[in-house]
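A quick write-up on the structure given underneath.
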Amino acid sequence: MDWRLSNAVADSDGGVVPRFITFEGGEGVGKSTQVRRLAARLARMGIDAVRTREPGGTPKAEGIRSFILQGKPESWGVGAEAVLFAAARLDHVNALIAPSLAAGKWVICDRFADSTRAYQGLTGGGEDRLIDALESLALDGREPDLTLILDMDPDAAFERRRQRALEDGLPADRFEKEDIDFHRRLRDNFLAIAISNPGRCVVLSAENDEDTVEAEVWAAVRDHFPDLARRERPA
Ligand SMILES: Nc1ncnc2c1ncn2[C@@H]1O[C@H](COP(=O)(O)OP(=O)(O)OP(=O)(O)O)[C@@H](O)[C@H]1O
Ligand SMILES: Cc1cn([C@H]2C[C@H](O)[C@@H](COP(=O)(O)O)O2)c(=O)[nH]c1=O
């Protein structure tokens, strides 16, 4: 099913077209924080937004998440790992994302297919044709309406993650434990993805405080979806 068809139906109802927005970027740049803030802002405007994440979002995909992030799939190699992320994505798209959009809800997702390209493909060395094939399997020609890439210096992001670990006491997952060169390459690769997809991706500086980043996110969302102005009330 093409989720744009369902969007057109919702629009003919006189509402705002439901949109699929993804947040991407390196570790600890503030994606989850901004996903929460954007969903809350939309809710204040009376727009129902489903907040979700990858890998995860459905019980099956959350199972794959635990296996990948806490297990030891490295020994399988980067190709098999990419396949696991794609399997989780296929369930997530079919069981949550497409049905939510069809029901007229917005979907805001913390990471999506660009993370597979950035982590397993460009940074991890997975073959382009495998990454392309997996993307086409899980997405079937569909893509997010807007991807916000939060960009910041990986050393500063490391400091944020260290602070968060002190607060929540959770151990770092396996990608967070990679060395600084990995995180620098990752940053460059997300920027390269943005350059290749100028109509879909917007790069935002994540270095500022949370309120300032939220304002930048909102400006990008409003610019991208002018029909939102119909629903906007003072925040
Ligand atoms: N703009 C900001 N300025 C300062 N601290 C921030 C900012 N945004 C988020 N933080 C803090 O930085 C930490 C990481 O934020 P968050 O969990 O939102 O990042 P993330 O990109 O989702 O991380 P991950 O990729 O590891 O899931 C949290 O402790 C959060 O409170
Ligand atoms: C979707 C996706 C994710 N990853 C990696 C990136 C992160 O290290 C973890 C997810 O953890 P987060 O705290 O929710 O950001 O998984 C990946 O390597 N490939 C992917 O496709």
Side-chain angles (χ1 to χ4, degrees), residues 22-40 51-58 61-62 64-71 73-74 76-93 97 108-126 130-131 134-135 137-139 144 147-179 182-183 185-187 189-190 193 204-217:
T22 57
F23 281 76
E24 297 278 7
E27 310 277 337
V29 296
K31 298 178 298 300
S32 313
T33 303
Q34 295 303 327
V35 165
R36 271 196 305 277
R37 283 173 170 246
L38 177 58
R51 224 170 2 110
T52 186
R53 68 174 181 180
E54 288 217 349
T58 63
E62 289 289 335
I64 295 177
R65 178 188 178 92
S66 306
F67 174 70
I68 299 175
L69 297 185
Q70 268 79 53
E74 296 101 308
W76 291 31
V78 73
E81 185 175 274
V83 171
L84 288 170
F85 279 111
R89 182 161 306 126
L90 190 57
D91 188 61
H92 190 205
V93 165
I97 296 173
I108 307 173
C109 191
D110 189 342
R111 296 192 181 282
F112 195 60
D114 294 320
S115 280
T116 306
R117 191 167 293 281
Y119 280 77
Q120 283 67 50
L122 298 165
T123 312
L130 174 68
I131 304 296
L134 292 173
E135 199 167 293
L137 179 78
L139 303 191
T147 295
L148 297 166
I149 297 183
L150 300 191
D151 175 64
M152 71 184 282
D153 171 31
D155 291 294
F158 176 83
E159 187 46 40
R160 282 191 189 169
R161 296 205 304 278
R162 202 184 61 80
Q163 194 55 42
R164 181 180 60 187
L166 288 176
E167 284 159 18
D168 65 18
L170 294 174
D173 69 37
R174 42 178 288 247
F175 294 104
E176 286 174 346
K177 285 187 203 146
E178 292 279 357
D179 64 22
F182 174 91
H183 293 287
R185 286 203 307 281
L186 197 55
R187 180 192 196 185
N189 291 333
F190 274 117
I193 288 171
L204 300 175
S205 168
E207 309 259 355
N208 293 317
D209 62 75
E210 292 182 19
D211 288 348
T212 306
V213 179
E214 180 184 341
E216 286 166 11
V217 165

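Whatever order the structure lists ligands and atoms in, that order sets their numbers, starting from 1.
- Distances below 4.0 Å separate heavy atoms of Arg89 from the following atoms of ligand 2: 1 (C), 21 (O).
- Between Gln120 and ligand 2, an N or O atom pair is found at a separation short of 3.5 Å.
- Here Glu27 has side-chain heavy atoms under 4.0 Å from ligand 2, and that is the only part of it that gets that close.
- Taking the charged nitrogens against the carboxylate oxygens, Glu159 and Arg162 do have a contact shorter than 4.0 Å, which makes a salt bridge.
- Comment: Glu62 engages Arg53 in a salt bridge, judged by a side-chain N to carboxylate O separation of less than 4.0 angstrom.
- Some N or O of Thr116 is nearer than 3.5 Å to an N or O of ligand 2, by distance alone.
- What sits closest to atom 17 (O) of ligand 1 on the protein, heavy atoms only, is Arg164 NH1, 2.7 Å.
- With hydrogens and angles disregarded, a donor-acceptor distance shorter than 3.5 Å links the side chain of Glu176 to the backbone of Asp173.
- Counting heavy atoms only, Phe85 comes closest to atom 3 (C) of ligand 2 of the residues Phe175, Tyr119, Phe85, Phe23.
- Checking side-chain atoms of Lys31 against main-chain N and O of Cys109 turns up no donor-acceptor pair under 3.5 Å.
- At under 3.5 Å, a nitrogen or oxygen of Arg111, whether backbone or side chain, sits near a nitrogen or oxygen of ligand 2.
- When hydrogens are left out, the protein atom nearest atom 18 (O) of ligand 1 is Thr33 OG1, 2.5 Å; that is the closest non-hydrogen contact.
- The pair Arg51-Asp110 does not count as a salt bridge, with every side-chain nitrogen at least 4.0 angstrom from each carboxylate oxygen.
- In the vicinity of Glu54, heavy-atom distances shorter than 4.0 Å reach the ligand 2 atoms 1 (C).
- Counting heavy atoms under 4.0 Å from ligand 2, residue Ile68 does not touch it at all.
- By the 4.0 Å heavy-atom criterion, Leu69 is counted among the residues contacting ligand 2.
- Remark: minimum distance from atom 13 (C) of ligand 1 to any protein heavy atom is reached at Arg160 O, 4.0 Å.
- Contacts between Ala113 and ligand 2, counted as non-hydrogen atom pairs separated by less than 4.0 Å, are absent for every part of the residue.
- Each of the following atoms of ligand 2 lies closer than 4.0 Å to a heavy atom of Arg65: 11 (O), 12 (P), 13 (O), 14 (O).
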